[in-house]
Amino acid sequence: MAETSNFLITETVIDIQEVVNKVTDRNAGAINTFIGTVRELTKGKKTLYLKYDAYVPMAEKKLAQIGDEIQKDFPEAKVAITHRIGELAISDIAVVIAVSTPHRADAFTASRYAIERIKEIVPIWKKEHWEDGEEWIGDQLEKVAYPSGKPEEGDLKS
Amino acid sequence: MAETSNFLITETVIDIQEVVNKVTDRNAGAINTFIGTVRELTKGKKTLYLKYDAYVPMAEKKLAQIGDEIQKDFPEAKVAITHRIGELAISDIAVVIAVSTPHRADAFTASRYAIERIKEIVPIWKKEHWEDGEEWIGDQLEKVAYPSGKPEEGDLKS
Amino acid sequence: MIRVLLFADLQEKAGIREIEISAEKLTINGIREHIMELYPQLTAIKTAMPAVNEEYAEGEQVVKAGDIVAFIPPVSGG
Amino acid sequence: MIRVLLFADLQEKAGIREIEISAEKLTINGIREHIMELYPQLTAIKTAMPAVNEEYAEGEQVVKAGDIVAFIPPVSGG
């Protein structure tokens, strides 16, 4: 069942084509795909590898919520998101977002929205491992978590 | 030789992963992919299939020029574009653009720029086939072609 | 019994991912205080976002036996 | 000899993709007029963008034997 869902947390390598296939549609002229990969250098510090943890059932629900939010703005959009957890090496794919829409501008807007929302509301955590240490990354580097469906006044400036 | 270029016109099915592989980079944290697919309905008219023609060597040069333009704005960006020509069915992939950058905002901006520029300067033509006719699509529906590297004053409003 | 889940650095500092509390009813704030007594090193739980049955919740919310409570540290997916 | 390439509806209306002109030197505008005499149905060539050796060019540009000229109708890729 989980294998056919559009919103998945997985412990295995993500197949981009498989995520894209979920949103392919006769009335879509555009598919935007955002692929998040593990970058070696962040603020001058060299990452050796990452570990992602997630509250899996809630994370999948929150990914689906992001899909619903997009469809409120773009009723014809189709959305699929897969996020990988576990240990990831440099250049490994952590997340694939695919959004199809009839016209291209909406696909870009919706895909961008999805990645920003993932960083706000989806219970997934990243632990960076460097040569000289390791740390769970939270809002010291990223955004704060939003409990509500939408970011609240002032949240975006924090 | 052509197979290893980042800027290709092809007569065969485009493999998304292959295009993405060309821009994967240890210092990229984000890859944005734009996939143009054949839509069945355009302005209420039902397309049966499309045919794309191209001035192949010039089209590949112009795709490479778009890559250069992006790297002027985003020196760390890597760009790959493959455009398919020949006969395409509904939902077939016509073009795949992949842009990797260290940070995600730039990948979105550059990918969007690439698709807009393709529609401006790359000598590729689409013929739509409907139940009741066929037509080469030009600036009656799309943008005009720009001879210079950049759109000129006033061009964007036309 | 109420199940409480800890993640990321909360889980690492507690050395445990799941805690069971034998209670019929408690507020989330009450649960939080209970956990801080058990694991005083979990200072970060004060700023973690609570969730009940996989949905974000407020500290005043009352939780019943059978519910699953989670404390969500600032997220960093993507 | 100068090679001239036609594409899309220009090619279809001319019924030919490539034309060879026996000349040592001609402006692009001169080539265009020559083609319109041969193929009066090619009215769209007036608004097509000329290219010489795979680069966009102006109508006044002089083309030499060995060059490849192309008339690019409004593009519609993507």
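As the structure is a computational prediction, the values presented were derived from the model and not from experiment. Each chain gets a letter, A, B and so on, in the order the sequences are listed, and its residues count up from 1.
- Residue-environment remark: CD (A:Glu11) stays at or below the threshold of 12 foreign heavy atoms within 6.0 Å.
- Contacts between A:Ala94 and chain B at a heavy-atom distance below 4.5 Å are absent for every atom of the residue.
- Both the backbone and the side chain of B:Ala105 have a heavy atom closer than 4.5 Å to some heavy atom of chain A.
- Contact annotation: the side chain of B:Phe108 approaches that of A:Ile115 to within less than 4.5 Å [non-hydrogen atoms, C-beta and beyond].
- In this structure the side chain of B:Arg104 reaches within 4.5 angstrom of the side chain of A:Lys119, judged on heavy atoms.
- Note: B:Asn32 CG to A:Ser111 OG = 5.5 Å, rounded to the nearest 0.5 Å.
- Using a 4.5 Å cut-off between heavy atoms, A:Asp25 touches chain B through its backbone atoms (N, CA, C, O) alone.
- Only the side chain of A:Val20 comes within less than 4.5 Å of a heavy atom in chain B; its backbone stays farther off.
- For A:Ile16, the parts lying near chain B are the backbone and the side chain together; criterion is any non-hydrogen pair under 4.5 Å.
- One finds the CG atom of A:Leu41 at 9.0 Å from the CZ atom of B:Arg26 (value rounded to the nearest 0.5 Å).
- No more than 12 heavy atoms of other residues, nucleotides or ligands sit less than 6.0 Å from atom NZ of A:Lys51.
- In the displayed structure, B:Gln71 atom CD is contacted under 6.0 Å by more than 12 heavy atoms of other residues, nucleotides or ligands.
- By the side chain to side chain contact (heavy atoms under 4.5 Å, CB included) test, B:Glu76 pairs with B:Pro102, sequence neighbours left out.
- Heavy-atom pairs under 4.5 Å with chain A peak, among B:Gly36, B:Ala30, B:Ala28, at B:Ala28.
- Under the ring pair (Phe, Tyr, Trp, His ring centres under 6.0 Å) criterion, A:His103 pairs with no residue at all, not counting sequence neighbours.
- Heavy atoms closer than 4.5 Å to chain A are found nowhere in B:Val96, neither backbone nor side chain.
- The line from CD1 of A:Ile90 to CG of B:Asn27 is 9.0 Å long, rounded to the nearest 0.5 Å.
- From A:Ile31, atom CD1 reaches atom OG1 of B:Thr33 across 10.5 Å, with rounding to the nearest 0.5 Å.
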